[in-house]
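In what follows, a structure is listed as structure tokens, so that the remarks can point back to it.
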Amino acid sequence: DTLADDRREAIKRAKGSASIKDWIDMMTGGYWTCTLDHFYRQQHYVELWYEAQAMSRQFQHYTSGINLRPFSGMPSIDYKWQIAKDLESLQRQYDKPIIILYFGDYDPAGLTIPETSIGDIQSWCKVDFEVIRCGLNPGDEIKYNIPENIDKPNCYQWEALNDQAAKELILKSINKYIDSSMVESIR
């Protein structure tokens, strides 16, 4: 129990049946909703990981059908271990390349958190996955007109992004790896 981390939980939203036949079989068991999972028809399985729990509502608003994993700062050993085991299970389930899209601040902590945390997860995970840092990155402060942190020169926080810029960064990143027309078709 000492490693339990109840502050951080993945926001799991990738779910549903693999096919209409699977759904029909499930329906005969008394279930009354049809949720098909678009990842069975995508080229990659994709998750969104991000530095701060405070970012969750924004990611929930602009995405659907994608698991979200807020790190809430430096994640605990328990949380990182669970991510590693989840990715192994997801690889067995989907049998597709796994892509992780990471979002965080452009400051020393925002660069260290994913570097060390992802290193641990990769060392504990028995399947390969690719991590792509989608933001904030050098140049984003200019492109999205992000003000510098007054207390920390050359540091830029996600929370300083306006909502339209955050939406653009999130959707632009996702659309490189997920066919959104497939998501809408499945929905």
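Predicted model only: the values in this text are computed from it and were never measured. Heads up: numbering here begins at 1 and tracks the sequence.
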Would the distance check show the side chain of [X] and the main-chain N or O of [Y] forming a donor-acceptor pair, the cut-off being under 3.5 Å?
X	Y	answer
Arg133	Leu136	yes
His44	Ile178	no
Asp95	Arg92	no
Asn67	Ala14	yes

(request) Check whether the ring centres of Phe103 and Trp158 lie less than 6.0 Å apart, and answer yes or no. (result)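 Yes; Trp158 has its ring centre under 6.0 Å from that of Phe103.
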Note to self: Count I, L, V, M, F, W, Y as connected when their side-chain heavy atoms are under 4.5 Å apart, and connections chain through other members. Are Ile142 and Leu169 then in the same cluster?
What the structure shows: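 No, Ile142 does not connect to Leu169 through the hydrophobic network.
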Kindly compute the distance separating CD1 (Ile170) from OH (Tyr62), expressed to the nearest 0.5 Å.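 Interatomic distance, Ile170 CD1 to Tyr62 OH, rounded to 0.5 Å: 7.5 Å.
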Item to complete: Could you grab the distance from atom CZ of Phe71 to atom OG of Ser76, nearest 0.5 Å is fine?
Response: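 Interatomic distance, Phe71 CZ to Ser76 OG, rounded to 0.5 Å: 10.5 Å.
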- request: Quick one: closest heavy-atom pair of Trp124 and Lys85, and the distance?
  value: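 Smallest interatomic distance, heavy atoms only, reads O-NZ, 3.1 Å.
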Checklist entry - For Pro70 and Tyr79, which heavy atoms make the closest approach, and how far apart are they? => result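 Between these two residues, the closest heavy atoms are O-OH, 2.8 Å.
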Pairing donors with acceptors under 3.5 angstrom, does anything connect the side chains of [X] and [Y]?
X	Y	answer
Gln82	Asp86	yes
Arg41	Ser185	no
Asp179	Gln42	no

>> Between Asp37 and Lys15, does any NZ, NE, NH1 or NH2 come within less than 4.0 Å of an OD or OE carboxylate oxygen?
In response: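 No, this pair does not count.
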| message | Can you list everything that forms a ring-ring contact (aromatic ring centres under 6.0 Å, His included) with Tyr40? Sequence neighbours excluded, please. | response |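 With neighbours one apart ignored, the set is Tyr94.
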### Query
By ring-ring contact (aromatic ring centres under 6.0 Å, His included), which residues pair with Tyr50, not counting sequence neighbours?
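Testing Tyr50 for ring-ring contact (aromatic ring centres under 6.0 Å, His included), a comparison that skips the adjacent residues, returns Phe59.
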Checklist entry - Between Glu168 and Lys143, is any pair of side-chain heavy atoms under 4.5 Å apart? => result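 Touching, per the 4.5 Å side-chain cut-off.
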Worksheet item: Of all residues at least two apart in sequence or in a different chain, which pass the side chain to side chain donor-acceptor pair (under 3.5 Å) check with Asn154?
Response: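 Residues passing side chain to side chain donor-acceptor pair (under 3.5 Å) with Asn154: none at all.
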